[in-house]
Number of protein chains: 2
Amino acid sequence: MERKRSDHIADALESLILDGTFANGERLDEQQLAQRFDVSRTPLREALQRLALSGLVEQIPRRGVFVRQPGPVELMEMFEVMAELEAVCARLAARRISDEALEELHATNERCNAAVKAREADAYFRENERFHAILYQQSGNSFLENECQRLHKRLHPFRRMQLRARGRLRQSMAEHEAIVAALEDGDADRAADALRAHVAVQGEKFHNLLSSLKIDAA
Amino acid sequence: MERKRSDHIADALESLILDGTFANGERLDEQQLAQRFDVSRTPLREALQRLALSGLVEQIPRRGVFVRQPGPVELMEMFEVMAELEAVCARLAARRISDEALEELHATNERCNAAVKAREADAYFRENERFHAILYQQSGNSFLENECQRLHKRLHPFRRMQLRARGRLRQSMAEHEAIVAALEDGDADRAADALRAHVAVQGEKFHNLLSSLKIDAA
DNA sequence: GTCAAGTTTCTTGTATACAAGAATTTCAAT
DNA sequence: ATTGAAATTCTTGTATACAAGAAACTTGAC
């Protein structure tokens, strides 16, 4: 299963957009980028098209493609949908989850906690991602799993930002524990509510963070 | 806002796949299709890539692209997710829906009913689509609205098939009425449950239909 | 006749060339 | 100096040409 050049370019561009190398309304010049990646315009255009379809970039016919960072409103909307999708995962998983998966959720939380204490941000994020990935998978609905991963990936950079809020890490861990507890009890509604709240609060924290930044800037 | 050739080709190919002109595992030959649409391979490849990203087609590197109709399991999964997403729409819409929109839902249902009585299938489908589109929109979350429309579009041909089940049309109309009633009462949970059931039953009907077809074939 | 290695042909992936529409600049008129 | 139209330049969209990998076919050994 070998990948082609345009795939790698798409990934690279995605990273560059998500980490803010390209500013928001900025136009992405095909020729420049082609030179930068040492490739012709053909695979580059394929990569740009992929980004356009995944929403990171807007393609205006005969004008070019422009970086399109979601604004505060759209972000809140995305977090809202993410919260609901994860709640559905939890509801389904509460019935279907295996003992092994529960064990793994516990283990992941352990490692997550250890990372919090050791102040290892990267390790924390890795385990956090794993926690959610397991939940998606345990929904038993692979279409849902894919949709969740898609949206999760898109929200990734903002999730990271939101976690800088004071005391959020410890609170987030507590929420994880509560979610696992509900799953262990097989309580679908409680698990769903816990997960919905867990994700929704991320959106809110992020929103607060944005507001404070705006005040600072003003 | 002019579109480009590859957009039209993508639409055309999409129709051809959805209406079954191309069989399931069939390989789509770039050269043949290019001739067929009287265009070079470049825009055609763009169109194919779009279809691949939207899931209608699978692209295997250096091998070609193949039609990929979802199997029964995946379809059920998709209907399950659709049901949940629409339930979220209903829950949000129950609080935010405007009087005008409620009025329009009623009107749409009227026209839908008329179409049922007149046995006008096309009109029925048009109004049915409109009903759901209004709900998506009235969620007040445009990201959610887009996601719903995306999935709705993808399920469109299967929805149509499912409605052939005996008595389903009339039952479906009754469900629509119940949904509007819940929205008028501002009862979020009832609206969500009604819409979830309304969509979920479509998946089940479809599943039944598939099973009976398989028995017939055997 | 079957199987395998080598060769040919075909298809996809990439590069380049060309066409057409958009942006920018130039230049004239007021 | 400003405005507006013509022309030039630049960028995107499409066509064609080339490269590389996969499938199909040929040929030879057993």
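Chain letters run A, B, ... following the sequence lines, proteins first, then strands; residues in each count from 1. Note that the structure is predicted; figures quoted are calculated from it, not measured.
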Modelled atom types, side-chain donor and acceptor of [X] and [Y], under 3.5 Å:
X	Y	result
A:H176	A:N113	no
A:T21	A:D19	yes
B:R50	A:Q49	no

What one-letter contact string describes nucleotides 6-12 of chain C from 5' to 3', where B marks a base within less than 4.0 Å of any protein heavy atom, S marks contact via sugar-phosphate atoms alone, and - marks no contact? -----SB

Rounding to a whole Å, what distance do you find between [X]:[atom1] and [N]:[atom2]?
X	N	atom1	atom2	result
B:L48	C:dG13	CG	P	10 Å
A:F66	C:dA23	CZ	C1'	11 Å
A:Q49	D:dT14	CD	P	11 Å

Taking B:V67's backbone N and O only, do any of them form a donor-acceptor pair with B:E26's side chain (distance below 3.5 Å, no angle check)? no

Show me the donor-acceptor pairs, under 3.5 Å and distance only, between side chains in residues 119-126 of chain B and residues at least two apart or in other chains.
unit_1: B:D122; atom_1: OD1; unit_2: B:R160; atom_2: NH2; d: 2.8
unit_1: B:Y124; atom_1: OH; unit_2: B:S172; atom_2: OG; d: 3.4

A:T42 side-chain N/O to C:dT14 phosphate OP1/OP2 under 4.0 Å: no

Checking A:E145, A:H152, A:Q149 against A:Y136 for side chain to side chain donor-acceptor pair (under 3.5 Å), the one that qualifies is A:H152

